[in-house]
Structures are given as structure tokens and as C-alpha cells.
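What follows is one structure encoded as C-alpha cells, with my remarks underneath.
Below, chain A is the first sequence line, B the second, and so on; all start at residue 1.
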Amino acid sequence: MGSASPGLSSVAPSRLLLAPDAVLRTGLEKVAVGAAGPESRDWSPSPPATPEQGLSAFYLSYFDMLYHDDGSWAAKGPGASARDEPPEEPEQCPVIDSQAPGGGLDLAPGGLTLEEHSLEQVQSMVVGEVLKDIETACKLLNITADPVDWSPGNVQKWLLWTEHQYRLPPVGKAFQELGGKELCAMSEEQFRQRSPLGGEVLHAHLDIWKSASASEESWTDSEVDSSCSGQPIHLWQFLRELLLKPHSYGRFIRWLNKEKGIFKIEDSAQVARLWGIRKNRPAMNYDKLSRSIRQYYKKGIIRKPDISQRLVYQFVHPI
DNA sequence: AACGAGGACGAAG
DNA sequence: CTTCGTCCTCGTT
């Protein structure tokens, strides 16, 4: 699926990790669709069978975009993206933080291997980035996140944007007159027929959008309070729940360092909104939510990390 | 303007 | 009594 973003794999080709790059490399390969072999940069381009895999596979190409030669993390959008975010905190960077020796047999506190921990953190971060990019594109193009709802005009806009963003060969009028529903119904083979050069890549990108919007529906609607029907839900428990599902909430809240229990609220308003929904408190906002978090300080449940940063907190007793 | 710390008070369990 | 929700003041980024 590396071919999902050919224009990007040229950014940081095979250098996936820091010195002991076997660690994350192997971890990522577990996530990748059917990737096998060490230099699996050119694994099969066949599309993922499930949405889950679609996103997972996309981590790889995104990983390339996030990782730069100087070894620092710059949450930079693809290609000539308009977005530019401040670099990640080096202290709590998931990758740098786990300096595992090349082995990969070492067990971290949780019983998981270090690479698995690193992988989780990379995943939650990257999922957040993917969702954010999609959100950005939606605003930019004035289209919905769900491709099924696209009009033929929306489809064209998306095609143009994707071509430009990922430096794909232009498809011209190959997909003209097609609505989102028809587009989504098309197989990879059909994509390839219409656009022999970039068809399969486009199909892969569309898959990402499909799976992303599928996960989006879960939090907009029911899922918010469906997790467990326990009555007295505590705020810290709620935050943990969100952190457990980076696929759905990764753009709102995510781990900076799961082992240490350090997490960052990326979208304070959204987290507060979700908390308000859960507690049936429509007037909830981050001001109030954060006050409750601060109550946890003296209770020894949550604290500010050693290096205090905005919107970053730490569970005193990480799992 | 948003975030952060913490006092005060009351509601709800 | 505990946990929050609400409101508020003042300091910091």
C-alpha cells in the first residue's frame, strides 16, 4: 500500500525510524495489509479488504510524511499542504521515547513489546492527522466527509484536490458525471480502467475517506454513550475511554506517551462537548471540564506532566 | 483569547 | 461525603 501515495514516498523513502529502526519498522509491518519482507516498500498495491485496514495501511504513507530526515517530528501535511503545525514535543515523542535496542523482544510494563507501544502511539497520532487532513479538505472544498454524499461536482473537486495534494497524474474527465455513490461502488479494477495511471491510488485514497467517515459517524451519533451503560461515569474514566479509541477520537485527544499516561487534548471544545453529551450537560465547556480535571490534582488521579504544556495532562497511575 | 490554578458554593448521588 | 458543575478572580502563554 506504499503505492497509496507515490508522490509522498519520495519524501522519506526507506528511512522509517531512528537508529534502531527495526523496532517500529516491524511494528508497522504488522499493521500493514499484507506486507512482508524487510524492504517492503513496494508491497502489493491491492486495496485493503476492510476499512480498518484501509486506515492502517495509510499510516505507512503518513508515517513517511510525518517523519523527516532530521529525525524530528513535524506534523506537516502532505505535499504543499496549507497546514503547518508546530513540531511535536521531543520529550514525549512516542518514537524517540522508546529507545529499544534492536531486539524487539523486550517487554514494556504493559506486557506488550515496546514496538507495540510505539506503534499504538504512532497510530493514534497518525489517525488524528489523517482525520484532521480530511476535515481540512472538507472545509477547503466545501464537501462532506462521507464520499457517498458527494455530487458529481464534489467528486470532481475531490479528484482535483487529491491529484494536486499527492501529485498524481491527472485523470481528466475519466470520472465525469459520477456521483459519490457511484464512485464508492466502484472497484479498484474499475478505477484502473478509467484511469490506468493513478486509478488504483485514487481508489486507495477514497477508501481512506470511506473508512474515516465511517468512524466519524460513530461519535456523532450513538457511540458517545454506548460504550458502557454505567451510571456514575467519572471524568477521568471518560477521558480514558476516548484515549482508548484513537480511531474515533484521535483528533480530539490522544496519548503523547501512553506508558507514562501523558495525553494531550487536541480539541478542547470537542472533548468538552463529548463530555457534556455523556453527562447530559449541554452547557459543558472546556473551562468547566478543566476545572474538574484540576480537582484531580490533589486526589492524585491526574496531574500536570513534569514539563508542563498547554492541554497536556498525565494520569498519575497509568495502566 | 485561550489556557491554568484554585476558591467558593450548591446540586446530586 | 464525594464528585462535579458553575462562576469567578487572577496569573500565564
Side-chain angles (χ1 to χ4, degrees), chain A residues 66 72-77 81-94 96-97 121 124-125 127-136 138-140 216 219-246 248-319:
Chain A
L66 290 168
S72 70
W73 287 79
K76 230 176 122 191
S81 167
R83 273 186 331 101
D84 76 308
E85 289 195 353
E88 290 300 320
E89 315 72 4
E91 278 285 326
Q92 288 143 0
C93 167
I96 295 176
D97 200 64
Q121 290 171 355
S124 66
M125 176 169 59
V127 169
E129 291 299 322
V130 170
L131 295 175
K132 266 192 249 172
D133 267 3
I134 288 180
E135 205 178 12
T136 304
C138 287
K139 283 179 190 162
L140 202 73
E216 199 152 324
W219 58 263
T220 44
D221 301 341
S222 49
E223 168 117 35
V224 184
D225 49 357
S226 72
S227 18
C228 69
S229 354
Q231 318 308 63
I233 175 80
H234 292 281
L235 176 56
W236 63 269
Q237 293 176 313
F238 178 75
L239 295 175
R240 278 224 140 95
E241 280 181 20
L242 299 191
L243 286 162
L244 273 177
K245 300 172 182 171
S248 301
Y249 309 110
R251 71 169 122 171
F252 303 150
I253 182 172
R254 66 162 224 261
W255 293 114
L256 288 188
N257 186 320
K258 194 171 181 181
E259 291 86 85
K260 293 180 184 170
I262 300 174
F263 62 96
K264 175 165 186 173
I265 295 173
E266 298 279 7
D267 190 329
S268 59
Q270 289 300 321
V271 172
R273 190 182 61 83
L274 293 173
W275 176 232
I277 291 172
R278 170 65 72 87
K279 291 292 294 290
N280 196 23
R281 257 318 103 104
M284 182 53 60
N285 57 28
Y286 181 69
D287 190 56
K288 297 169 191 170
L289 185 150
S290 64
R291 182 69 191 93
S292 290
I293 291 181
R294 270 176 256 128
Q295 294 288 156
Y296 286 145
Y297 291 174
K298 62 181 174 191
K299 293 174 193 164
I301 297 172
I302 289 178
R303 68 182 183 91
K304 270 291 192 180
D306 295 325
I307 1 79
S308 183
Q309 295 165 92
R310 282 192 141 201
L311 297 169
V312 176
Y313 297 91
Q314 175 172 196
F315 285 105
V316 176
H317 303 296
I319 294 186

message: Closest approach to the side chain of Tyr286(A), judged atom by atom: which nucleotide of dG4(B), dC4(C), dC7(C) is it?
response: dG4(B)

- request: Figure out the CG/C1' separation between Leu235(A) and dG5(C), and round it to whole Å.
  value: 11 Å

message: Over 60° means perpendicular and under 30° means parallel, so tell me whether His234(A) and Trp236(A) are parallel, tilted or perpendicular.
response: parallel

- prompt: Can you tell which of dA5(B), dT6(C), dG5(C) lies closest to the side chain of Trp275(A)?
  reply: dG5(C)

message: Mind checking if Leu311(A) touches a base, just sugar-phosphate, or nothing, with heavy atoms under 4.0 Å?
response: sugar-phosphate

- request: Could you check how far CD1 of Ile293(A) sits from C1' of dG4(B), rounded to whole Å?
  value: 11 Å

query: Distance check: side-chain N/O of Ser292(A) vs OP1/OP2 of dG5(C), anything under 4.0 Å?
result: yes

Side-chain touch Leu243(A)/Phe315(A), heavy atoms, less than 4.5 angstrom: yes

query: Do side-chain atoms of Tyr313(A) reach the backbone of Ile302(A) as a donor and acceptor pair under 3.5 angstrom?
result: no

field: 5'-most by nearest nucleotide on DNA chain B - Lys298(A) or Ser268(A)
entry: Ser268(A)

query: Starting at CD1 of Ile233(A) and ending at P of dC4(C), how long is that distance when rounded to a whole Å?
result: 9 Å

query: Can you find a donor-acceptor pair, distance only, under 3.5 Å between Arg294(A) side chain and dG6(B) base?
result: yes

- prompt: Quick one: which of dG6(B), dT6(C), dC4(C) gets closest to the side chain of Arg281(A)?
  reply: dT6(C)

task: Answer with yes or no whether Arg291(A) presents, from its side chain, a donor or acceptor under 3.5 Å of a partner atom in the base of dA5(B).
output: no

